[in-house]
Amino acid sequence: MAEFRVRVSTGEAFGAGTWNKVSVSIVGTQGESPRLPLDHLGKEFNAGAEEDFQVMLPEDVGPVPLLRVHKMPPALPCLPGPLAQDAWFCRWFQLTRPQGSPFLFPCYQWLEGAGSLVLREGTAKVSWADHHPLLQQQRQEELQARQEMYQWKAYNPGWPRCLDEKSVKDLDRNIKYSTAKNANFYLQGGSAFVEMKIKGLLDRKGPWRSLNEMKRIFNFPKTPAAEYTYEHWQEDAFFASQFLNGLNPVLICHCHHLPKNFPVTDAMVASVSGPGTSLQAELEKGSLFLVDHGILSNIHTNVINGRPQFSAAPMTLLYQRPGGGPLLPLAIQLSQIPGPNSPIFLPSDDKWDWLPAKTWVRNAEFAYHEALTHLLHSHLLSEVFTLATLRQLPHCHPLFKLLIPHTRYTLHINTLARELLIVPGQVVDKSTGLGIGGFSELIQRSMKQLNYSALCLPEDIRARGVEDIPGYYYRDDGMQIWGAMERFVSEIVGIYYPSDESVQDDRELQAWVGEIFSKGFLNRESSGIPSSLGTREALVQYVTMVIFTCSARHSAVSAGQFDSCAWMPNLPPSMQLPPPTSKSQATPESFINTLPPVNATCDVIITLWLLSKEPGDRRPLGTYPDEHFIEEAPRRSIATFQNRLAQISKDIQERNRGLALPYTYLDPPVIENSVSI
């Protein structure tokens, strides 16, 4: 006979407890016990409970690497359906022999309905470290089951592959929103929709009557940043600052030479840079910067309310005055083809020439940001990382334990987007200037250009030549967070991979990287995305990139969407008249008539308000309540990482106290661990 004490921890979330019966089979190297009921007088496994059970085995099974958990509904006649399918969220099991040390078996999974689940003792193991056939078999069976459960599909040609599910209703409970988060999400969206519907705005297909009407009509809970945007949106300094710290801070580049198709002259820019300015001299000083939306050239545009919409592919030249001062726009050309029908707009032009030119640039920013910076680079790539992690790394793998917190709810929100956002009849189709066709075409174009260095922040900053431009808080805060992540990942990799050869020999790791390359980047070798990893240094950079993409980068380009668009002229989602082909033709009336119609404006603002608000059940960056790592060394690394993030947050908040418009999107408590909204 062998005796064990079994301690069980149930999660605290709503609905985490169960009425079902739970038993365990203790799997040792010398055999497996029969099912051992975990039963007390009264109800067990309430939410938040930790309970002890004594079990007796008929014979000793030797060292215990595995625990088989069984869950069955009570044997009652005419059992109601909800009880038969009762879900249970198990945090962990702990086994202890008399006078022995406890062995922890992390779970952190939902068990829904009747079924069994195999748990491993919690020590992290790479594939080459498991020598016992029992453990090797368990790894293979776990991955086979998950590969059957989570499969790939092509949603659109040329896009990264995604989860093969049509609706969030079909998702496994382990990747769904919690009950509380789901309820909050729909309550938030519903309240905004009802308000707009009552006012009749969602049914108004015509243009706004004036900017004053637009200001008067909106009663959303305003943010300080949204109010600041309304007050300063026409100012050149604020226009330029949004390329640094707005919702699309990834395009601005150091201008080493003027593009041949952007024929700006010295005389054109003298009003900003001063009389006698030489553009060549300013280029050599490094004071000129360029934002090029050329990828939008000849892009497919949408039809809204029966009217065709229009798009531009502008180039914007910016000037950083030596010795300080704000970044300022020097010149804007609204197409990639210079000539008499593509004038270069200047700050010295009439207000109703210059303001529309800036507004066309902001419309290009909307299209580029929503299709590429946000949807492709943050959501779709994070889904690839998530799906490959679930399919190729078993629970016991140290990289699974490291990465799984950064995949939380990503498959849910992306599946929901394919139901409610990027499908016919929904907001992208109804209310944006490019529509689904333009979004898809833009993503296809970007996928042919996407490269690894653009996903690695330090390399991206160097490649764009923006290491020294002042007031670039996305860069400053992002580099701090990247550095903290990189040190954290380096420590974890150092614990489990003693050499470069140990990286090369980890077949699960190589399968994970290979699947990301094939399914996410469609086997494009020109992307520079690795298809395998050969060194610890390469592994550290790659995993840091994955975590940064799934957390900090998404926060930087998502959390400010409502701030930027609440005052729609600052970020118009569509344009109803074509770009101007000459100067001195625009009027206040033509400006209003170019902006999106009332119903499309409201549709987009509701959506971006919803997508900028995390609907509860948050886990800020570095928060790991699910303790997948049980060893002391990785736990110390986690604590060190959390301390570094706390110091970064303190530094950011101290700096922000001196800013008229604080930059908060990369403050660690604001950053979610994963793409979950």
Side-chain angles (χ1 to χ4, degrees), residues 3-27 31-58 61 64 66-95 104-120 138 141-142 144-150 165-183 390 395 408-409 411-412 415 617 626:
E3 182 180 354
F4 283 90
R5 186 184 71 176
V6 181
R7 188 168 182 81
V8 188
S9 176
T10 296
E12 297 178 349
F14 178 80
T18 182
W19 290 88
N20 285 187
K21 295 300 182 183
V22 176
S23 59
V24 295
S25 300
I26 297 176
V27 184
E32 178 175 341
S33 77
R35 294 190 182 195
L36 306 167
L38 303 181
D39 201 0
H40 286 150
L41 184 63
K43 183 180 182 298
E44 304 87 18
F45 312 114
N46 292 303
E50 290 187 9
E51 300 164 282
D52 289 313
F53 303 88
Q54 296 295 130
V55 297
M56 297 292 295
L57 281 63
V61 295
V64 179
L66 301 176
L67 187 66
R68 205 180 306 277
V69 181
H70 313 281
K71 178 172 163 292
M72 293 289 291
L76 298 174
C78 303
L79 190 67
L83 285 184
Q85 296 300 316
D86 192 19
W88 176 45
F89 187 83
C90 174
R91 296 181 68 238
W92 45 258
F93 280 79
Q94 182 178 281
L95 294 188
L104 196 62
F105 294 75
C107 181
Y108 302 106
Q109 296 178 69
W110 287 96
L111 286 79
E112 195 161 19
S116 298
L117 179 69
V118 177
L119 303 179
R120 282 184 58 132
Q138 183 274 330
E141 291 176 350
E142 180 185 340
Q144 287 170 1
R146 285 214 243 122
Q147 287 165 13
E148 290 177 8
M149 177 174 289
Y150 306 118
E165 294 288 3
K166 292 182 178 180
S167 167
V168 292
K169 295 176 182 177
D170 303 324
L171 298 181
D172 170 53
R173 183 73 175 260
N174 285 297
I175 59 175
K176 277 185 177 180
Y177 270 5
S178 66
T179 302
K181 194 177 189 80
N182 198 56
L390 291 172
H395 273 79
R408 185 173 184 252
Y409 297 147
L411 297 178
H412 182 108
T415 302
D617 190 12
D626 296 349

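Reckoned from all heavy atoms, side chains included, excluding hydrogens, waters and symmetry mates.
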With rounding to the nearest 0.5 Å, note down the distance linking [atom1] in [X] to [atom2] in [Y].
| X | Y | atom1 | atom2 | answer |
| --- | --- | --- | --- | --- |
| S25 | L66 | OG | CG | 11.0 Å |
| M72 | L111 | CE | CG | 13.0 Å |
| F4 | Q54 | CZ | CD | 11.5 Å |
| I175 | M149 | CD1 | CE | 8.5 Å |
| L67 | R120 | CG | CZ | 13.0 Å |
| R408 | D626 | CZ | CG | 7.5 Å |

### From CA spacing to verdict: side chain to side chain contact (heavy atoms under 4.5 Å, CB included), T18, K71
CA-CA 10 Å; T18 182; K71 178 172 163 292; 3.7 Å; yes

### Query
Checking side chain to side chain donor-acceptor pair (under 3.5 Å) against D52, which of R7, H40, Q94 comes through?
R7

#### Entry: Worked check of side chain to side chain contact (heavy atoms under 4.5 Å, CB included) between H412 and N182
CA-CA 10 Å; H412 182 108; N182 198 56; 3.9 Å; yes

Can you name the nearest heavy-atom pair linking [X] to [Y], along with the distance?
| X | Y | answer |
| --- | --- | --- |
| V168 | K176 | O-CE, 3.0 Å |
| V55 | P37 | CG1-O, 4.3 Å |
| A47 | A13 | CB-O, 4.1 Å |
| P73 | A114 | CD-CB, 4.0 Å |
| P74 | N20 | CD-ND2, 3.8 Å |
| P106 | L119 | O-CD2, 3.9 Å |

Please list, chain by chain and in numerical order, all residues satisfying ring pair (Phe, Tyr, Trp, His ring centres under 6.0 Å) with [X], sequence neighbours excluded.
| X | value |
| --- | --- |
| F105 | none |
| Y108 | H628 |
| W110 | F89 |
| F45 | F53, W88 |

#### Entry: Check: D172/Y150 side-chain N/O donor and acceptor closer than 3.5 Å
yes

### Message
Under 3.5 Å, is there a donor on one side chain and an acceptor on the other for S9 and R91?
### Response
yes

### Task
Please confirm whether the backbone N or O of G17 pairs with a side-chain atom of T10, one donor and one acceptor, at under 3.5 Å?
no

### Query
Given Y409 and D617, is the side chain to side chain contact (heavy atoms under 4.5 Å, CB included) satisfied, shown in steps?
CA-CA 11 Å; Y409 297 147; D617 190 12; 2.5 Å; yes

### Query
So V22 and V8, side chain to side chain contact (heavy atoms under 4.5 Å, CB included) or not? Walk me through it.
CA-CA 10 Å; V22 176; V8 188; over 6 Å; no

### Query
Do other residues, nucleotides or ligands put more than 12 heavy atoms under 6.0 Å from the NZ atom of K169?
no

### Query
Is the count of non-hydrogen atoms from other residues, nucleotides or ligands lying under 6.0 Å from E12 atom CD greater than 12?
no

### Query
For R146, what residues pass the side chain to side chain donor-acceptor pair (under 3.5 Å) criterion, not counting sequence neighbours?
E142, H395

#### Entry: Candidate list V64, V24, L104, test side-chain contact (heavy atoms from CB on, under 4.5 Å), partner L95, passing option
V64

### Message
Measuring only between side-chain heavy atoms, which start at C-beta, is C107 closer than 4.5 Å to L117?
### Response
yes

#### Entry: H70 side chain near K21 side chain, heavy-atom distance below 4.5 Å
no

#### Entry: side chain to side chain contact (heavy atoms under 4.5 Å, CB included) against A49, all qualifying residues, sequence neighbours excluded
N46, E51

